[in-house]
Amino acid sequence: MTGFVELRDVRLTYGGKADGTLALDGLSMSVKKGEFAAVVGPSGCGKSTLMKLATGLINPQSGTVEVANKEVSGPVSIAGMAFQNPSMLPWRTTLENVMLPLEIVQPHRSRLKSEKKAYIEKAESLLELVGLKGFGDKFPWQLSGGMQQRANLCRALVHDPALLMLDEPFGALDAFTREELWQVMRDLHGEKQFTVVLVTHDLREAVYLADRVFVMSARPGKMINERHVEFARPRPIDLTYEAAFNDIVHELRGQIADARAAA
Amino acid sequence: MTGFVELRDVRLTYGGKADGTLALDGLSMSVKKGEFAAVVGPSGCGKSTLMKLATGLINPQSGTVEVANKEVSGPVSIAGMAFQNPSMLPWRTTLENVMLPLEIVQPHRSRLKSEKKAYIEKAESLLELVGLKGFGDKFPWQLSGGMQQRANLCRALVHDPALLMLDEPFGALDAFTREELWQVMRDLHGEKQFTVVLVTHDLREAVYLADRVFVMSARPGKMINERHVEFARPRPIDLTYEAAFNDIVHELRGQIADARAAA
Amino acid sequence: ATDIKFTLDWKFEGPAAPFFIALDKGYFADEGLNVTIDTGAGSRESIPRVATGTYQMGFGDINALIKLMDEQPDLGVKAVMMAYERPPFAVIGRKSLGITDDPKSLEGKKLGAPPPDAAFGQWPAFAQEAGLDTSTITIENVGFPVREPMLAQGKVDAIFGYSFSSVLNLKAQGIADDEIVTLLMAENGLDMYGNVVMVNTAFAEENPDAVKGFIKALVKGYLEAIADPAAAIPFVLEHNEVLDKDLETARLEMAIDGSIATPAAKANGFGGVDMDKLAKSMDFLKISMGVSDTPPAPEKVFDPSYLPPAEERMIK
Amino acid sequence: MTNERWIKAAPWLWSIGLFVVWEAAVHIFEFPVYILPAPSDIWGAIVKYWSPIWKNSLQTMFTTLLGFLLAVVGGLALGLAIGWSRAIYAGLYPLMIGFNSVPKVAVVPILVIWFGIGTVPAVITAFLIAFFPIVVNVATGLATIEPEMEDVLRALGAKKMDIMLKVGIPRSMPYFFGSLKVAITLAFVGSVISETVAANSGIGHMMLSAQSQFNVPLVWAGLFALAVLGIVMYAIMAWLEMRMTGWAHRSGNRP
Amino acid sequence: MTNERWIKAAPWLWSIGLFVVWEAAVHIFEFPVYILPAPSDIWGAIVKYWSPIWKNSLQTMFTTLLGFLLAVVGGLALGLAIGWSRAIYAGLYPLMIGFNSVPKVAVVPILVIWFGIGTVPAVITAFLIAFFPIVVNVATGLATIEPEMEDVLRALGAKKMDIMLKVGIPRSMPYFFGSLKVAITLAFVGSVISETVAANSGIGHMMLSAQSQFNVPLVWAGLFALAVLGIVMYAIMAWLEMRMTGWAHRSGNRP
Ligand SMILES: Nc1ncnc2c1ncn2[C@@H]1O[C@H](COP(=O)(O)OP(=O)(O)OP(=O)(O)O)[C@@H](O)[C@H]1O
Ligand SMILES: Nc1ncnc2c1ncn2[C@@H]1O[C@H](COP(=O)(O)OP(=O)(O)OP(=O)(O)O)[C@@H](O)[C@H]1O
Ligand SMILES: [Mg+2]
Ligand SMILES: [Mg+2]
């Protein structure tokens, strides 16, 4: 059985063949169904590109991308994606932004009219979960950077996607809010068993949340290591202070340092 | 003598008096000339708002804001600001974006024509410093999130401002790039002795770089603590592994936790 | 040489031939004049153009001129040469739609008229003269471009227009000659004048000889055109390539027969007016155009002093 | 505050200023009325002919609005279609541009011959003249959407139709409403042009009649009525724009 | 690839299709030529009158371009002025809208009285008719700038002028070029309208001459010439737009 998300020998160049930027080259990765995967790597190595490939937003120059055992040739509909840049639609309130996927993705789409109230409640409870209670009727440009990012996360979650693609969802948050949201993610994953690919710069975040951490090389990006993280679930937040945990973090740290030095 | 940046009992409400969002209330802070100040606080507490007040982009509802001993009533011209959201101009290449302040701020503005070459070299050397060598002729939307943020930092620095306002300039960067840039900032500050106000979520960053760390309460934001950081300069990066350093980080951590709990 | 900018009443078409004869054969130049001729946008549009001095001289409807002078006694324009001794104003109908040579046949019919049309302008006087019951007649506002097609399609029963343009246009729409009925207003009681050459009064005062020379040359042009219309048309074609030679010849011939070489013009010479007729025509204008009870004196409207002697103006 | 007041007063001050200068110029240079009537003459005509001006204005407004509505529906639909499909764009656009380069005055006669005189050709002319700017602006709005915004929906597996509805249309609304302001005045011009060629009522007809009676002040009164109606219509559009695309105009209302 | 080819071929296919349907309709319904001439009749007229069509087109193109250039300069300047100052906006805008609601045909005779007939009134008419969409679009573009972008400059203590130059103008360029495409065709219409009233040459003059001759095919040949010129001009503008605002159209060229 191949993985739920499967990239094989993928290569991608932005903008023209000759003078373009070679972002990814020979990248392969495989994420099993229900697995929580994290991707780490130096800035500009192609992590966001990888996310776009996996959701079919862009197509690889060579190599194959498969999601749920189907080759991806256009955008897939089973994913929920939180972009690195929140890109909220400025003409919609935060709540309306969060509810956007419900207007698109089946079966919610056809139910939305009849069960509007339930869906609004759901979106609002998600907003509350990330600490944005009462901000649903504000416009996104009335929120702070971190608040936008949290709303962005809600948008990725609201339609219960089978695959969750998170591109640095906690980058703009302070340590505490961040740790709270780690636990939110942990609980949601435990409950719903969706597959997650998380891009992050925070190695503690990666190790705390993920079952497996992928380490990417500098640009052109490819996988240079995979690290299984075997801690039992549910993981208490105190785990992050334990020696075994910090060992893994340090190990990954070393790998990234090597990857950067090699570039 | 009052400080170089001086806010006294500032209050700010967004959007209307009655139903608006009270972002800051009773906030005072004072940063001395040449000082490196860091501001930390929970997400949405008003840090970005504080930055906009200090540069005169918005005016306080009550209280006073002074920069360089002059009351601020409109945008000040001695500051270099890196916004939380890079907001690069999409019609300019990265290099042109970085050089934007030179076209505005005196004395560079009048010299730009005659010394174009020297200025371009300067901008390019800044880009190189942050690891963006060769990306100057790319458009900002051709850069990754972290690369945009680094270009954004260059833009704040290029015109040698006397006051540097940095709103989470390293949020989207991996740990190594980030630490490299810490050292770049440290060296620049040591050399040019500008005044810096840095907003960050990374307490280690704050303690490593700053002479003084301001801790803000949850919204409506005000200062609940100031912590002097007395380590000698220039500070080696190894300092971050020392116990004295980590003690300060932990101390601040506790304060923020209290601030969030109080809200 | 004196510069004269001259504005016609309409585009460069057959009836403009005399002007181009005078221009291209050098008659104007012989008089020491440097003349430019521009198209016009209707026989009354040209009056303000001359009044403001943008054009020194022009070609337009004397009735409109009277109306303007009545309103504006110090209007700086006067007529100096009569071209259309009888106006080409007409009601044109179709036999099959019940229009006959008798104006009474218009009663109960639908007439198409562009409001700015000079022929339509005389409708009240015409109706009164012919004793028509206008309450039974519907007037439809149809623009110039659709006037003849609407009649050809039978959407109106008759139209107002200049005889020499509307009749020919109808023929061009494929309407047979004997189907077309032309009720010339001048033949049905409206004894009045048509188009004249006008001059800006200030210019005339300063350059009386230029005006005299202009008219002398133009009269030559008219007499030649009257003598041989077919030979006159090529002079217009020079200036407007898209014209159809035969059509324009026919147009010019109709203008000459109906309006220019009239019995009165043949008897008294081309270009002059009968002041009594001019005075009387103002009575019609009171009805049709609302000219006041104290119209301008005929001598103020038409100044014959620039005309060459009558024997030089006789039509052979 | 006083600044705000000045701005409120500005349109009136400018207009009054214009009229004063105009009136003075007419008296100083002694323009005859057929060249340029003084505002006082025009005002006289407005008062005197109030009833016909009013009735004809209603008629013109009616045809204009009808044509404008058609143009909005048609222009929006066509603009979206063009933004939607490159094949439609490539095929239809040149024809449309060609058609739009044709002065509508030349088309009115054909319409009249087909539909008779009166309301129908006026409505169609208003439509024909007004729909093009809408199409162009909507298509431009769609073409300049930030790909990042589209990606938000594409990542959800949204159909092209959804992207159009949720991002394309809202994002191009500022362009759309910008064009409405142009289109409404053009629709006006279209109605009036058609009325001058073929109608028994409407401002265009009234002006032409006035002209043929040498009633120059009434002609100008007609122009005036058009200007006032145009401003009113425009104001309505601008108000609508503000309501619908307030999010795009947020730089206007800073704290 | 074949898809690309189809798109390349689309304009021709549509045009040819239109002509075929048209020709067929004329023959089937036996329209008389004054209602709707067949394309073959029009083609005959084009061939026969090639020389006058060509010469007059040049004249019209010349006046159009001149008027258009004036409109670009004036429209851009006015649009920026309006986007710049709320006082100018409040005061000048209503007057401009009112003026724009006035059909330009009504203005041409006045222009003729002042300037005589020929090139000058045609250029002015083209200008008057073309500058309004530019103003509206530029002003709309300025009004919808993201405040975040302005802040980048404001934080540097930039003067309003700088913000205009560095952010305002570039950001409103997509709007500006969008309006140019509308303006150039309007400028055409303006020239032609003026030529029909007051000119000795130009397509408008030629068409009116043809019309008063009831040479309907030639009138249509003139319309045709206008359409073709319009498309060419438009294409030039669209090309310019792509060159100048490629950054705004980046969704068009995805990897
Ligand atoms: N639209 C684009 N056009 C051209 N080049 C691009 C584009 N997007 C990304 N790139 C280039 O591709 C490379 C990888 O970019 P990507 O955004 O995937 O990096 P990343 O790993 O997400 O970095 P970061 O952590 O800084 O967000 C970069 O060198 C970038 O310059
Ligand atoms: N333009 C705006 N309009 C209305 N409210 C705003 C606006 N900008 C910020 N706010 C509100 O002001 C408060 C403080 O915002 P600010 O951006 O200063 O927070 P912050 O401390 O920078 O947060 P973060 O760390 O998440 O960036 C928030 O509650 C936000 O909702
Ligand atoms: Mg990225
Ligand atoms: Mg912030």
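Residue numbers begin at 1 in each chain, while the letters A, B, ... track the order of the sequences. Nothing here was measured: the structure is a model prediction, and the numbers come from that model. Every heavy atom of this structure was used, including side-chain atoms; hydrogens, water molecules and symmetry mates were not.
Interface remark: A:R253 contributes backbone and side-chain atoms alike to the contact with chain B (heavy atom separation under 4.5 Å). For chain B, no part of A:S48 is nearby; none of its heavy atoms comes within less than 4.5 Å. Heavy-atom distances place no part of A:K47 under 4.5 Å from chain B, backbone and side chain included.
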**Asked** Are B:S144 and A:R219 close enough, and set up right, to give a side chain to side chain donor-acceptor pair (under 3.5 Å), and what steps lead you there?
**Response** CA-CA 11 Å; B:S144 79; A:R219 191 171 58 86; over 6 Å; no

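Considering only heavy-atom pairs separated by less than 4.5 Å from chain B, the leading option among A:A23, A:A257, A:G171, A:G146 is A:A257. In terms of non-hydrogen atom pairs under 4.5 Å with chain A, the most contact-rich of B:P42, B:C45, B:P86, B:G41 is B:P42.
Two residues are said to be in side-chain contact when any heavy atoms from C-beta on lie closer than 4.5 Å; A:K138 and B:T21 meet this criterion.
Taking CG from B:D258 and CZ from A:F176, the interatomic distance works out to 8.5 Å, rounded to the nearest 0.5 Å. Here the CG-CG distance, from A:D174 to B:D202, works out to 11.5 Å after rounding to the nearest 0.5 Å.
Although no hydrogens or angles enter the test, the distance criterion places a donor-acceptor pair under 3.5 Å between the side chain of B:H201 and the main chain of A:A172.
What you find for A:R150 and B:S43 is that their closest heavy atoms are NH2-OG, 2.7 Å.
Using non-hydrogen atoms only and a strict 4.5 Å limit, no part of residues 245-252 of chain A faces chain B.
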